[in-house]
K.L.:
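Here it is, the structure, as structure tokens.
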Amino acid sequence: MEQKKLDPRYKVANREALIGVGIALVNFFIWYSFAYGLGSKPVEEYQFILGLPSWFFYSCVLGFLMITVIVWLVVKFLFSDVPFEEEEQ
Amino acid sequence: MNWGVAIPLIIFLCSLFFFGIYATKYLKHGPDFLQEYFLGGRNLGGLLLAMTMVATYGSASSFIGGPGIAYNMGLGWVLLSMSQVVTGYFTLAILGKKFAIISRKTKAVTLNDFLRERYQSKWVVILSSICIVVFLFASMSAQWIGGGRLLESFMGLSYQSALLIFTLSVLIFVVIGGFRAVAITDTVLGMIMLIGTIIILVGTIIAGGGVPNIMEKLTAENPNLITPFGADGSLTPLYVSSFWILVGVGVVGLPQIAVRAMSYKNSKAMHTAMIIGTLVTGAIMLGMHLTGVFARAVLPGIEVGDTVMPQLTLTILPSWLAGIVLAAPIAAVISTVNALLLLVSSSLVKDIYINYINNNATDQFIKRLTLSVTAIIGILVYIVSIEPPDLLIWLNLFAFGGLEAAFIWPIIMGLYWKKGNAYGALASMIAGVGSYIIIDRLFPDLLGMHPVVVPVFLSFIIYVVVSLFTQYKNPTQQQQIIEKFWYVSK
């Protein structure tokens with residue numbers, strides 16, 4: 001009977017999938033809290049950044065750039081290189 | 001014909017031929033025809049992977065329909081559309097390395113290959129093939145009609161000849177070049193989409209006298225336009241958030257997207273693609289929808305949402321520049337259609353014919369069959385698009401959400417949960433699609449969310465419950481699957 005062990009690469013894969021869920025949660029949080037936190041005020045009290053209402057600027061412009069940077073950092077520092085081809089052992 | 005606009009478009013369509021034909025040179029050398037034709041030899045680098053995912057996902061609605069709604073609804077709709085940024089990284093992160101490893105272990109070339117190996121069930125594969133063929137044929141046809149209409153309005157041709165030109169320009173390179181041609185042209189198309197977005201956004205801001213000026217005009221017309229709640233206040237936070245399922249995380253379940261997560265070369269390609277994908281998706285979605293809102297200050301009073309972007313482009317830009325911008329939606333349509341065409345063809349040839357009808361076919365025969373099936377499907381779509389039947393339009397409405405509800409859990413749980421089995425997968429697919437159609441028809445406002453949300457949760461519960469109830473039915477088979485998928489020899 002052949003000895004079998006759990007594919008060690010799956011540890012990495014599972015961890016990275018969870019990180020993916022984490023980024024999505026952070027993304028949602030930034031998007032939601034700026035949009036409805038700042039955007040629920042009466043329009044007369046809106047502040048404007050680069051001409052855009054601040055809720056929109058933070059949620060959709062800055063939030064989008066933040067997420068891109070977060071993805072970049074996560075991929076660079078938390079994701080690891082694993083070989084995909086079947087290793088002959 | 002407006003030659004100023006038509007010439008850039010003609011150059012664009014011709015250059016597609018060039019890139020498509022260029023890609024075919026790989027096809028001749030590929031050792032494994034099906035893997036090369038349907039998956040580009042599993043050899044995509046980061047840029048190609050990112051661009052083919054973005055371009056396949058971005059369709060006519062990102063460039064025409066969506067901005068048209070934003071024109072009427074205001075910034076709230078841009079907020080909603082920004083839920084799509086998540087698609088740039090989420091699919092790759094979730095399916096990620098596991099999908100890449102498993103599809104190599106099992107030599108899977110299509111999504112159905114994966115499902116077949118994972119669930120060892122003829123019925124799962126057949127049901128999934130039916131979903132893919134029916135839903136994707138309908139959505140392909142809808143995009144095809146959109147492509148024809150766009151060419152018709154931009155170039156002043158009749159709908160029929162526009163449709164023919166569109167068909168020829170898509171069909172030839174897809175049929176000859178397969179997945180690699182699709183990925184390479186998608187990269188070019190994605191760039192065009194991005195450049196077009198930037199040009200029209202900048203042009204609109206200039207035409208409107210700067211962003212502050214535009215905002216002032218919008219506020220004067222209706223202050224709700226610059227709130228997150230929509231011009232009529234109808235966009236509740238819950239409703240807008242529910243789009244995170246439909247056009248955000250649920251996109252993992254779209255077969256045309258999921259299959260791309262099998263196609264990359266190595267970890268590095270996936271990492272790069274996540275960054276580029278997020279940036280490009282976000283830039284296109286933000287740019288196009290924001291342009292739609294700004295257009296209201298520049299060209300007020302447009303009645304039909306779908307005509308906002310074409311009218312805006314032709315009004316504010318010089319015609320040669322307009323030609324480049326108008327190439328963007330056509331690029332979006334072509335890059336979606338080419339992916340769907342290949343997927344439908346792979347379902348018929350590989351998943352149905354080779355698996356269940358004739359698994360002894362010679363390579364030469366398979367090659368000829370694949371090319372002819374792809375061509376025939378393309379021609380069929382062209383024929384039905386000339387006068388689209390109501391059934392097709394109806395099916396297309398359900399295609400996006402229906403595919404998500406059908407596939408999301410069989411894919412994700414199949415990858416990450418050892419106890420998931422064929423019964424769970426089948427039940428979840430049927431429940432997902434069925435409940436989606438019922439809810440959409442009968443209770444479209446269920447709980448104030450998009451109708452896809454409840455089916456996605458329901459199909460999850462059913463997958464888990466049915467899998468648990470049937471876990472002792474085929475213990476040996478399940479054990480073999482687990483060993484194959486999760487274990488390696490010491």
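Naming: A, B, ... by sequence-line order, numbering from 1 per chain.
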K.L.:
Among A:G51, A:A35, A:G63, which has the most heavy-atom pairs under 4.5 Å with chain B?
P.N.:
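Ranked by contacts with chain B, first place is A:G51.
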K.L.:
Looking only at heavy atoms, what is the nearest atom pair of A:G20 and B:A93, with distance?
P.N.:
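Minimum heavy-atom contact is CA-CB, 3.7 Å.
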K.L.:
I need the B:M285 CE to A:C60 SG distance, nearest 0.5 Å.
P.N.:
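Reported value, rounded in 0.5 Å steps: 13.0 Å.
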K.L.:
Search all heavy atoms of B:L279 against all heavy atoms of A:F64 and return the closest pair with its distance.
P.N.:
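Taking every non-hydrogen atom into account, O-CZ, 3.4 Å.
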K.L.:
Using non-hydrogen atoms and a 4.5 Å limit, figure out which bit of A:V43 sits close to chain B: side chain, backbone, both or neither.
P.N.:
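A:V43 touches chain B through side-chain heavy atoms alone.
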K.L.:
Count the heavy atoms of every other residue, nucleotide or ligand shown that sit under 6.0 Å from NZ of A:K41, and state whether that count exceeds 12.
P.N.:
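Correct, the count exceeds 12.
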K.L.:
How long is the gap from CG on A:L6 to CD on B:E483, to the nearest 0.5 Å?
P.N.:
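A:L6 CG to B:E483 CD: 11.5 Å, rounded to 0.5 Å.
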K.L.:
Measuring from B:Y89:OH to A:I23:CD1, what's the distance to the nearest 0.5 Å?
P.N.:
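Rounded to the nearest 0.5 Å, the OH-CD1 separation comes out at 6.0 Å.
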K.L.:
For B:L95, which atoms come within 4.5 Å of any heavy atom of chain A: side chain, backbone, both, or neither?
P.N.:
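It is neither, since no heavy atom gets under 4.5 Å.
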K.L.:
Please look at B:W244 and chain A and tell me whether the side chain, the backbone, both or neither of the residue comes under 4.5 angstrom of a heavy atom of that chain.
P.N.:
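Contact with chain A is through the side chain of B:W244 alone.
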K.L.:
Just how far is it from atom CE of B:M82 to atom CG of A:N27, taken to the nearest 0.5 Å?
P.N.:
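One finds 8.5 Å between CE of B:M82 and CG of A:N27.
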K.L.:
If you tally heavy-atom pairs under 4.5 Å against chain B, which of A:W55, A:W72, A:F48, A:F56 wins?
P.N.:
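Result: the option with the highest number of such pairs is A:W55.
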K.L.:
If you look at every heavy atom in B:L79 and A:W31, which pair is closest and at what distance?
P.N.:
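Where B:L79 meets A:W31 most closely, the heavy atoms are O-NE1, 2.9 Å.
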K.L.:
I'd like to verify something: which residue of B:I226, B:V85, B:T278 has the highest number of heavy-atom pairs under 4.5 Å with chain A?
P.N.:
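Highest number of pairs under 4.5 Å: B:I226.
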K.L.:
So which heavy atom on B:K105 is nearest to which on A:D7, and how close?
P.N.:
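Residues B:K105 and A:D7, closest heavy atoms: NZ-OD2, 3.1 Å.
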K.L.:
Quick check on the interface: out of B:G210, B:S81, B:P212, who has the most heavy-atom pairs with chain A under 4.5 Å?
P.N.:
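Winner by heavy-atom pair count: B:P212.
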K.L.:
Using a 4.5 Å cut-off on heavy atoms from C-beta on, say whether the side chain of B:V211 contacts that of A:L50.
P.N.:
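Answer no - side chains too far apart.
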K.L.:
Work out which heavy atom in A:P8 is nearest to a heavy atom in B:V488; give both atom names and the distance.
P.N.:
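So the minimum-distance heavy-atom pair works out to CD-CG2, 4.0 Å.
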K.L.:
Quick one: CD1 on A:I19 to CD1 on B:I94, what's the gap to the nearest 0.5 Å?
P.N.:
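Going from the CD1 atom of A:I19 to the CD1 atom of B:I94 covers 10.5 Å.
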K.L.:
So for B:M270, is it side chain, backbone, both, or neither that comes closer than 4.5 Å to the heavy atoms of chain A?
P.N.:
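The answer is the side chain of B:M270.
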K.L.:
Counting only non-hydrogen atoms closer than 4.5 Å, does A:V74 touch chain B with its backbone (N, CA, C, O), its side chain (CB onward), both, or neither?
P.N.:
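Neither the backbone nor the side chain of A:V74 comes within 4.5 Å of chain B.
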K.L.:
Using non-hydrogen atoms and a 4.5 Å limit, figure out which bit of B:L75 sits close to chain A: side chain, backbone, both or neither.
P.N.:
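Both parts, heavy atoms under 4.5 Å.
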K.L.:
Sort B:T91 into side chain, backbone, both or neither according to what part of it lies under 4.5 angstrom from a heavy atom of chain A.
P.N.:
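For B:T91, neither part sits under 4.5 Å from chain A.
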K.L.:
Measuring centre to centre across the rings, with the benzene-like ring taken for any Trp, is B:F229 within less than 6.0 Å of A:Y36?
P.N.:
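Close enough - the centres of the two rings lie under 6.0 Å apart.
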K.L.:
To the closest 0.5 Å, what do you measure between OG (B:S267) and CZ (A:R9)?
P.N.:
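One finds 9.5 Å between OG of B:S267 and CZ of A:R9.
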K.L.:
So which of B:S241, B:G277, B:G248, B:S103 has the biggest tally of heavy-atom pairs under 4.5 Å with chain A?
P.N.:
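Winner by heavy-atom pair count: B:S241.
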K.L.:
Please look at A:F79 and chain B and tell me whether the side chain, the backbone, both or neither of the residue comes under 4.5 angstrom of a heavy atom of that chain.
P.N.:
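A:F79 touches chain B through backbone and side-chain heavy atoms alike.
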K.L.:
Looking at every heavy atom in both B:I275 and A:T68, which two are closest together, and how far apart are they?
P.N.:
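Nearest pair, atom of B:I275 first, then A:T68: O-CG2, 4.4 Å.
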K.L.:
Quick one: of A:S40, A:A24, A:P42, who has the most non-hydrogen atom pairs under 4.5 Å with chain B?
P.N.:
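So the answer, after comparing A:S40, A:A24, A:P42, is A:A24.
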K.L.:
Which one of B:G96, B:P237, B:G282, B:A100 has the most heavy-atom pairs closer than 4.5 Å to chain A?
P.N.:
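That would be B:P237.
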K.L.:
Should the pair B:K97 and A:F84 be classed as cation-pi, given the thresholds of under 6.0 Å to the six-membered ring centre and 45° from the axis?
P.N.:
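No.
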K.L.:
Measure A:Y46 against the heavy atoms of chain B and call it side chain, backbone, both or neither at under 4.5 Å.
P.N.:
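For A:Y46, side-chain heavy atoms alone lie under 4.5 Å from chain B.
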K.L.:
For B:M215, is it the side chain, the backbone, both, or neither that has a heavy atom closer than 4.5 Å to a heavy atom of chain A?
P.N.:
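Side chain of B:M215 only, per the 4.5 Å heavy-atom cut-off to chain A.
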K.L.:
At a 4.5 Å cut-off on heavy atoms, which part of B:T219 comes close to chain A: side chain, backbone, both, or neither?
P.N.:
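Just the side chain, heavy atoms under 4.5 Å.
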K.L.:
With chain A, which of B:V240, B:I214, B:T272 has the greatest number of heavy-atom pairs at distances under 4.5 Å?
P.N.:
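Most heavy-atom pairs under 4.5 Å with chain A: B:V240.
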